[in-house]
Enquirer: 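Here you go, one structure.
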Amino acid sequence: MGLTDENRKDIVIYRSERAFAALEQAKGNLQMGYLEITANRLYYAAYYAASALLIANEIRVKSHEGCIGQFNLHFVKTGLVPIEMGKLFSILFDMRLTGDYSDRFDLTEEDVVPNILPTQDFIIKVTSLAKEKLGL
């Protein structure tokens, strides 16, 4: 059974809010010097935004890799979202994996900080597209 239009609207609003909250969490953790947590929250900010857009367009995924792949296929390759945003999403995913799971490599400020403003631009653009799709 699929989602109703109202269900999709509710989820898009919720995930959009979570995207912006995760971005603020990233900024707060950066101020405390927690680079791995900052990278994690930047990725999740983008993930919540991208998943909202996929849900708005009735595109189902089962994994984070699936979310990135479908986002690139339906929105980057079609030109609805700039290619730089597709690359950023992949970079954020890789940083999150490094920060969360790597035993041999630590993230640096040079890895993390340059991605904050582009992530903010990403979530603004992507959540706007999701809301526009549903007339929000």
Enquirer: Is there a path of hydrophobic side-chain contacts, each under 4.5 Å between heavy atoms, that joins Leu136 and Ile55?
Expert: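 Yes, because Leu136 and Ile55 connect within a single hydrophobic cluster, where side-chain heavy atoms sit under 4.5 Å apart.
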Enquirer: Would you say Ile83 and Ile123 are hydrophobically clustered, going by side-chain heavy atoms of ILVMFWY under 4.5 Å?
Expert: yes
Enquirer: Check the hydrophobic clustering (I, L, V, M, F, W, Y; side-chain heavy atoms under 4.5 Å; chains of links allowed) and say if Met95 and Tyr34 are grouped together.
Expert: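 No; Tyr34 is not reachable from Met95 via cluster members.
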Enquirer: Can you tell me how far CD of Glu65 sits from OG of Ser90, rounded to the nearest 0.5 angstrom?
Expert: 10.5 Å
Enquirer: At their closest point, which heavy atom of Ala56 faces which heavy atom of Lys133, and how far apart are they?
Expert: O-CG, 3.5 Å
Enquirer: For residues 18-37, which residue pairs qualify under salt bridge (charged side-chain N to carboxylate O under 4.0 Å, His left out), counting only residues two or more places apart or in two chains?
Expert: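 Those involving residues 18-37 are Glu24-Lys27.
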Enquirer: Do Ile116 and Val126 sit in the same hydrophobic cluster, where Ile, Leu, Val, Met, Phe, Trp and Tyr count as joined when their side-chain heavy atoms come under 4.5 Å apart?
Expert: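 In one cluster: yes.
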Enquirer: Write down the atom of Leu134, the atom of Lys9, and the distance for their closest heavy-atom approach.
Expert: O-CE, 3.3 Å
Enquirer: Taking all non-hydrogen atoms of both residues, which atom of Leu30 and which atom of Thr38 are closest, and how far apart?
Expert: N-OG1, 3.0 Å
Enquirer: What pair of heavy atoms forms the shortest contact from Thr78 to Leu73, and how long is it?
Expert: CG2-O, 3.9 Å
Enquirer: With distance as the sole test, does Arg96 use its side chain to make a donor-acceptor pair with the main-chain N or O of Tyr44 at under 3.5 Å?
Expert: no
Enquirer: To the nearest 0.5 Å, what is the distance between OG1 (Thr98) and CD1 (Ile91)?
Expert: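 Output value for this atom pair is 11.5 Å.
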Enquirer: Any idea which heavy atoms bring Thr119 and Ala45 closest together, and the distance?
Expert: CG2-CB, 4.1 Å
Enquirer: Are Phe75 and Leu54 side-chain neighbours, meaning at least one heavy-atom pair lies under 4.5 Å?
Expert: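 Phe75 reaches Leu54 side chain to side chain.
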Enquirer: On the 0 to 90° scale, with breaks at 30° and 60°, tag the Phe93-His64 ring pair as parallel, tilted or perpendicular.
Expert: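 Phe93 and His64: parallel rings.
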Enquirer: Would you say Lys131 and Ser16 make side-chain contact, with heavy atoms under 4.5 Å?
Expert: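 With C-beta onward as the side chain, the pair touches.
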Enquirer: Give me the atom names and distance for the closest heavy-atom approach of Ala46 to Leu92.
Expert: CB-CD1, 3.8 Å
Enquirer: Does Gln25 offer a backbone N or O that forms a donor-acceptor pair with the side chain of Asn29 under 3.5 Å?
Expert: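 Flag set: sc Asn29 to bb Gln25 pair under 3.5 Å.
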Enquirer: Would you call Glu109 and Leu35 a side-chain contact if the rule is heavy atoms closer than 4.5 Å?
Expert: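 When only atoms from C-beta onward are counted, Leu35 and Glu109 do touch, with a gap below 4.5 Å.
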Enquirer: Is there a continuous path of hydrophobic side-chain contacts, each under 4.5 Å between heavy atoms, that joins Val61 to Leu80?
Expert: yes
Enquirer: State whether the side chain of Asn40 and the backbone N or O of Ile37 hold a donor-acceptor pair below 3.5 Å, judged by distance alone.
Expert: no
Enquirer: Tell me if the centroids of the rings in Phe122 and Phe71 come within less than 6.0 Å of each other.
Expert: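 Yes; Phe71 has its ring centre under 6.0 Å from that of Phe122.
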Enquirer: Within this structure, what is the SG-CG distance for the pair Cys67 and Asn72, rounded to the nearest 0.5 Å?
Expert: 9.5 Å
Enquirer: Please evaluate residues Phe89 and Asp94 with respect to the criterion side-chain contact (heavy atoms from CB on, under 4.5 Å), reporting the C-alpha separation (whole Å), side-chain torsions for both, the decisive distance (0.1 Å), and the verdict.
Expert: CA-CA 9 Å; Phe89 197 16; Asp94 290 343; over 6 Å; no
Enquirer: Going by heavy atoms in the side chains, are Met85 and Val76 under 4.5 Å from each other?
Expert: no
Enquirer: Should we say atom CG of Leu97 is surrounded by more than 12 heavy atoms from elsewhere, each under 6.0 Å from it?
Expert: yes
Enquirer: Would Glu84 and Leu88 satisfy side-chain contact (heavy atoms from CB on, under 4.5 Å), going step by step from the backbone distance to the final call?
Expert: CA-CA 6 Å; Glu84 294 80 19; Leu88 173 67; over 6 Å; no
Enquirer: Side chains of Leu23 and Arg41, heavy atoms from C-beta outward: is any pair under 4.5 Å?
Expert: no
Enquirer: Are more than 12 heavy atoms, taken from residues, nucleotides or ligands other than Phe20, located less than 6.0 Å from that residue's CZ atom?
Expert: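 Atom CZ in Phe20 is crowded, with more than 12 foreign heavy atoms closer than 6.0 Å.
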Enquirer: Decide side-chain contact (heavy atoms from CB on, under 4.5 Å) for Leu53 and Thr127; before the verdict, give the C-alpha distance in whole Å, the side-chain angles of both, and the deciding distance to 0.1 Å.
Expert: CA-CA 7 Å; Leu53 183 57; Thr127 59; over 6 Å; no
Enquirer: Could you tell me if Thr108 and Glu110 have a donor-acceptor pair between their side chains, going purely by distance under 3.5 Å?
Expert: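 On atom types as modelled, these side chains qualify, holding a pair under 3.5 Å.
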